[in-house]
Amino acid sequence: LAKTTQPISMDSYEGQEVNITCSHNNIATNDYITWYQQFPSQGPRFIIQGYKTKVTNEVASLFIPADRKSSTLSLPRVSLSDTAVYYCLVGDTGSARQLTFGSGTQLTVLP
Amino acid sequence: GAGVSQSPSNKVTEKGKDVELRCDPISGHTALYWYRQSLGQGLEFLIYFQGNSAPDKSGLPSDRFSAERTGGSVSTLTIQRTQQEDSAVYLCASSLMGIEAFFGQGTRLTVV
């Protein structure tokens with residue numbers, strides 16, 4: 001399993017863009033990069049998934065450089081409700097085993 | 001059902017008693033995962049099922065923990081002779097292969 005490294009915590013202010021970077025130096029050819037969000041007292045929720053370059057949905061963007069050894073989750077114009085723990089996962093989507101969560105990044109959005 | 005359902009939502013048990021936690025995955029999802037999360041901590045992977053089989057049980061903390069899945073659907077996590085350190089939220093998730101995983105609301109287990 002590819003190991004991931006994320007910052008433990010980040011602070012931001014409402015309305016700012018937040019970028020959370022995840023390192024995954026040992027990513028394999030078949031691995032995808034997936035981000036989840038977890039609010040207190042809830043299970044994690046899928047945000048976005050990508051393989052290379054850039055992926056965008058209604059919630060976030062995911063930037064993946066050509067070497068795929070890192071990825072950046074970008075949250076545009078955050079609000080207080082975006083305060084949560086964000087997890088980066090790396091694994092083969094064809095394999096159910098590859099769903100191991102690291103420590104995550106605690107994002108705190110301040111007013 | 002529309003989502004992953006876990007029961008009970010809360011369970012208080014006495015030390016030494018056995019408990020069973022149930023997970024109803026999304027219909028048609030072949031993969032099912034169990035995690036444990038202690039207060040303020042990350043998700044600890046316990047076990048996953050592909051269909052009814054569990055290829056990797058190494059995440060189970062001790063031989064007091066066991067899990068089964070029947071009919072490729074419902075899964076039960078059993079903890080025997082519960083200890084206070086077993087107190088945590090137990091989360092279940094299901095997915096269609098390894099793509100987007102959907103989590104239940106969890107079972108909060110308190111061992112007193």
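Chain A is the first sequence line, chain B the second, and so forth, proteins listed ahead of strands; every chain is numbered from 1. Since this is a predicted model, take the numbers as computed values, not measurements. What you see below is based on every heavy atom in this structure, not just the backbone, and it leaves out hydrogens, waters and symmetry mates.
- Not one N or O on the side chain of Ser53(B) forms a donor-acceptor pair closer than 3.5 Å with the backbone of Pro55(B).
- Within the structure, every pair that satisfies the salt bridge (charged side-chain N to carboxylate O under 4.0 Å, His left out) test and touches residues 15-31 of chain B, not counting sequence neighbours, is listed here: Glu14(B)-Lys17(B), Arg22(B)-Asp24(B).
- A donor atom on one side chain and an acceptor atom on the other are found under 3.5 Å apart for Ser71(A) and His24(A).
- At least one side-chain heavy atom of Phe101(A) sits under 4.5 Å from a side-chain heavy atom of Pro44(A).
- With a 4.5 angstrom heavy-atom cutoff, Tyr35(B) touches chain A only via side-chain atoms.
- Residue contact with chain A, scored on non-hydrogen atoms closer than 4.5 Å, involves the side chain of Gln37(B) exclusively.
- Side-chain atoms of Gln42(A) do not come within 3.5 Å of backbone N or O of Phe39(A) as any donor-acceptor pair.
- If you measure heavy-atom distances from Leu43(B) to chain A, the contacts under 4.5 Å come from both the backbone and the side chain.
- Side chain to side chain, Tyr32(A) and Gln49(A) fail the donor-acceptor criterion of an N or O pair below 3.5 Å.
- A pairwise comparison of heavy atoms in Gly104(A) and Val85(A) identifies CA-CG1, 4.0 Å as the closest pair.
- Taking the centre and axis of the six-membered ring of Tyr36(A), the NZ or CZ atom of Arg45(A) falls outside the cone set by 45° and 6.0 Å.
- For chain B, no part of Gln106(A) is nearby; none of its heavy atoms comes within less than 4.5 Å.
- For residues 105-112 of chain B, a heavy-atom distance under 4.5 Å to chain A picks out Gln105(B), Arg108(B), given by residue number.
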